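Below is one structure, written out as structure tokens; the observations come after it.
Just so you know, these numbers come straight off a predicted model, no measurement behind them. Just so we're on the same page: letters track the sequence lines, and every chain starts at 1.
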Number of protein chains: 2
Amino acid sequence: MPHDTHCNGSRFSVDCPSRLLFDQVADKWSMMIMTVLNGGGTRFNDLKRRLEGVSQKSLSMTLKRLERNGIIARTVVASTPPGVLYEMTPLGLTLLPPFQAIYLWANSNMDAVEAARVAYDKDHSES
Amino acid sequence: MPHDTHCNGSRFSVDCPSRLLFDQVADKWSMMIMTVLNGGGTRFNDLKRRLEGVSQKSLSMTLKRLERNGIIARTVVASTPPGVLYEMTPLGLTLLPPFQAIYLWANSNMDAVEAARVAYDKDHSES
DNA sequence: CTGAATCCTGTCCGATACTG
DNA sequence: CAGTATCGGACAGGATTCAG
């Protein structure tokens, strides 16, 4: 066993696989893209409209990375007008529940987080 | 109703609360810090040793942000040698399961992801 | 419509040095 | 031990332009 990645919850090696994979899918655009696509496949510009503030470049790069990792599928549709369909893969669908759990956590606990921020800022602003 | 954040799964406003909160906690160091602290509170340098590759600065900033958001607690301990204890808060503990779900997903599906990468690279390298 | 390519600017972050 | 302060390089990513 020449290669020990030390990835056991109490220690994280630099080449820990789950760590590397996490970085590939745990950015904010990925989360939003997956959430939108969960409601059904759609096209590039429709996706761009729904993700307020994303640039063409970032969207393009993020889609490409998700496609490469097998999370989403890209299909060219020969129609009028021509389009490209993005949709979740079966593998990608299995990743969705964990992300939605975080999404729901954020919605449920934002008040507690805001209270913590106020308390923190108060403590750290006194002379 | 002057303020509509459009944060309903098919559309993401720039000021969507869950989106803003996600960015605060979904970076790679935060995930690893929370995972380590889940095994019990510990000190700064011990944390630094366990998170291979993290710089003092990044660790310090990430800890501060997590503390501000109420995820972890920082306690100065008057002992010999003097130390600082970091540990999860009750609020932070509720955030852990969703993150561990992603962590477990990464461990379980890395083979499928690797296969997808190989297929993708193969398709995109042909003349 | 769906991107790719270029430029360019802000920001992250590691290295280093210093403080209590 | 537990950080803060400062600098500088690398890189992300927005605006714009061009192509298929």
For [N], take OP1 and OP2 only and decide whether either is under 4.0 Å from a side-chain N or O of [X].
{"X": "B:Y86", "N": "D:dC1", "value": "no"}
{"X": "A:R74", "N": "C:dG3", "value": "yes"}
{"X": "B:S60", "N": "D:dT4", "value": "yes"}

I want to verify a distance call: between C:dG14, D:dG14, C:dA17, whose nearest atom is closest to the B:Q56 side chain?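 Of the options given, the side chain of B:Q56 lies nearest C:dA17.
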Nearest-nucleotide pick for B:V84, side chain only, options being D:dT4, C:dC1, D:dG3: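 In terms of side-chain proximity for B:V84, the closest of D:dT4, C:dC1, D:dG3 is D:dG3.
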Are any side-chain N or O atoms of B:S60 and backbone N or O atoms of B:Q56, one a donor and one an acceptor, separated by less than 3.5 Å?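 No: the side chain of B:S60 does not pair with the backbone of B:Q56.
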Separation between CZ of B:R65 and CD1 of B:I72, rounded to the nearest 0.5 Å: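 B:R65 atom CZ to B:I72 atom CD1 measures 10.0 Å (nearest 0.5 Å).
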Plane angle bin for B:F44 and B:Y86 - parallel if under 30°, tilted between 30 and 60°, otherwise perpendicular: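 The arrangement is tilted - the two ring planes meet at 30° to 60°.
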How many Å lie between [atom1] on [X] and [atom2] on [N], as a whole number?
{"X": "B:F44", "N": "D:dG3", "atom1": "CZ", "atom2": "C1'", "answer": "6 Å"}
{"X": "A:M61", "N": "D:dA12", "atom1": "CE", "atom2": "P", "answer": "7 Å"}
{"X": "B:L85", "N": "D:dG3", "atom1": "CG", "atom2": "P", "answer": "11 Å"}
{"X": "A:K28", "N": "C:dT11", "atom1": "NZ", "atom2": "P", "answer": "13 Å"}
{"X": "B:K64", "N": "C:dC13", "atom1": "NZ", "atom2": "P", "answer": "14 Å"}
{"X": "A:D23", "N": "C:dC13", "atom1": "CG", "atom2": "C1'", "answer": "14 Å"}
{"X": "A:K57", "N": "C:dC7", "atom1": "NZ", "atom2": "P", "answer": "11 Å"}
{"X": "B:R49", "N": "D:dG3", "atom1": "CZ", "atom2": "P", "answer": "14 Å"}

Can you name the nearest heavy-atom pair linking B:N69 to A:A116, along with the distance?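 Reported closest heavy-atom pair: C-CB, 3.8 Å.
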Determine, stepwise, if the pair B:W105 / A:F99 fulfils side chain to side chain contact (heavy atoms under 4.5 Å, CB included). CA-CA 11 Å; B:W105 183 92; A:F99 270 95; over 6 Å; no
Heavy atoms under 4.0 Å, any strand shown: does A:K48 hit a base, just sugar-phosphate, or nothing?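 No contact.
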